[in-house]
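Every chain is numbered from 1, with letters handed out A, B, ... down the list of sequences.
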Protein chains: 2
Amino acid sequence: MNNQQIPYNIYDDRCPTRDVLARLADKWALLVLGCLEKEPHRFNHLRRSIRGITQKMLTQTLRKLERDGLISRQIFPTVPVTVEYRLSPLGQTLTQTVSLLTLWVEDNMDAMSAAQQAYDEASVAGLPVG
Amino acid sequence: MNNQQIPYNIYDDRCPTRDVLARLADKWALLVLGCLEKEPHRFNHLRRSIRGITQKMLTQTLRKLERDGLISRQIFPTVPVTVEYRLSPLGQTLTQTVSLLTLWVEDNMDAMSAAQQAYDEASVAGLPVG
DNA sequence: CTGGATCCGATTAGATACTG
DNA sequence: CAGTATCTAATCGGATCCAG
């Protein structure tokens with residue numbers, strides 16, 4: 001086999017990259033990845049770090065990320081059991097991009113708030129109404 | 001006013017950045033932004049470029065992005081009417097991150113496929129079953 | 001502590017029909 | 001061409017209960 005394939009095209013709805021994007025383009029997935037960037041976390045540690053996430057969503061998100069090979073799960077047979085989540089090598093190559101995105105949001109929040117306000121005021125002014 | 005605020009923290013569920021992330025961490029939003037990176041697109045041009053998107057989702061996504069100030073909408077009073085979408089200056093600062101993410105997915109699709117297969121095979125092997 | 005299982009309301013997204 | 005409006009099926013996500 002030669003090492004040139006990459007027929008992947010994310011704009012093609014039948015390309016498998018679409019499914020991956022759908023799983024990755026998810027609020028909780030991005031926050032979990034960002035959280036694990038610095039250090040491994042236990043389940044409840046993650047839950048406390050990511051305000052507002054429910055146990056169900058956290059579990060679901062962790063399973064998805066584990067299945068895609070982005071994080072790994074290590075069980076310590078303590079009593080009660082301890083489970084630690086950490087980025088896989090593959091996941092580490094992604095988090096740089098992810099944190100870039102979350103940082104961008106924080107950095108540009110003011111600009112977007114202003115844009116939203118302008119947009120909404122234009123709406124009530126009667127511009128888009130029939 | 002001093003120029004130091006940024007109390008924004010995306011891990012706080014009451015921070016407005018959460019809402020922005022939720023809108024941005026969306027399959028269609030990322031694809032639209034990526035599409036507009038290179039050049040302005042008309043509505044149906046976008047629809048054809050992003051395979052699988054419905055007219056409803058495209059409209060909805062465009063409105064969200066416009067409200068957040070990431071894209072602008074220009075109407076040409078031709079017959080029939082022509083509408084062109086393009087990135088705003090703010091949106092341009094974001095697309096570099098976005099395209100990084102979509103490119104990452106395409107580049108690492110093989111690794112993730114392998115991880116998924118391994119994960120699923122371990123499942124049927126009886127590891128997670130009771 | 002780390003989840004799995006379930007119920008259920010709310011939101012989403014696709015399909016379809018219609019308009020300036 | 002560029003949408004709006006509506007109906008509905010499917011999914012999501014929160015709450016709750018239970019277990020190793």
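When rounded to the nearest whole Å, the span between CZ of B:Phe76 and P of D:dA2 equals 11 Å. The interatomic distance linking A:Arg23 (CZ) with D:dT11 (P) rounds to 15 Å, in whole Å. Rounded to an integer number of Å, the gap from B:Met57 CE to D:dT4 C1' is 13 Å. When the P atom of D:dT4 is taken as reference, atom CD of B:Gln55 falls 8 Å away, rounded to whole Å. Distance B:Leu62 CG to D:dA2 C1': 11 Å, rounded to the nearest Å. The NZ-C1' distance, from B:Lys27 to D:dT11, rounds to 12 Å in whole Å. Rounded to a whole Å, the NZ atom of B:Lys56 is 11 Å from the C1' atom of D:dT4. A straight line from CH2 of A:Trp28 to P of D:dT11 spans 21 Å, rounded to a whole angstrom.
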Pair B:Leu62-B:Leu46, side chain to side chain contact (heavy atoms under 4.5 Å, CB included): steps then yes or no: CA-CA 10 Å; B:Leu62 288 169; B:Leu46 277 171; 3.9 Å; yes

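Where B:Arg47 and A:Gly52 each meet DNA chain D at their nearest nucleotide, the meeting point lying more 5' is that of B:Arg47.
Remark: B:Arg63 is in phosphate contact with D:dG3, judged by side-chain N or O atoms under 4.0 Å from OP1 or OP2. Residue B:Tyr85 places at least one side-chain N or O under 4.0 Å from the OP1 or OP2 atom of D:dG3.
A:Tyr8 places no side-chain N or O within 3.5 Å of a backbone atom of B:Val105 that could act as its donor or acceptor partner. Checking side-chain atoms of B:Glu106 against main-chain N and O of A:Ile10 turns up a donor-acceptor pair under 3.5 Å. With hydrogens and angles disregarded, no donor-acceptor distance shorter than 3.5 Å links the side chain of A:Thr95 to the backbone of A:Val98.
Applying the side chain to side chain contact (heavy atoms under 4.5 Å, CB included) test between B:Arg42 and each of B:Arg48, B:Arg47, B:Gln74 identifies B:Arg48 as the sole match.
Remark: A:Met112 CE to B:Arg23 CZ distance equals 8.0 Å, nearest 0.5 Å. To the nearest 0.5 Å, atom CD of residue B:Gln96 and atom CG of residue A:Leu100 are 9.0 Å apart.
Five base pairs at each end of the helix from C:dC1-D:dG20 to C:dG20-D:dC1 define two local axes, and these are offset by 50° (rounded to 10°).
If you check every strand for non-hydrogen atoms under 4.0 Å, B:Val83 touches sugar and phosphate atoms only. Across all strands, B:Arg73 comes closer than 4.0 Å only to sugar-phosphate atoms, never to a base (heavy-atom distances).
A continuous path of ILVMFWY side-chain contacts below 4.5 Å connects B:Leu36 to A:Trp104, so both sit in one hydrophobic cluster.
Under a cut-off of 6.0 angstrom, the local environment of CZ in A:Arg51 is sparse, with at most 12 non-hydrogen atoms contributed by other residues, nucleotides or ligands.
Contact footprint of chain B on DNA chain C: nucleotides with an atom under 4.0 Å from a non-hydrogen protein atom, first to last in 5' to 3' order, C:dA13 to C:dT16.
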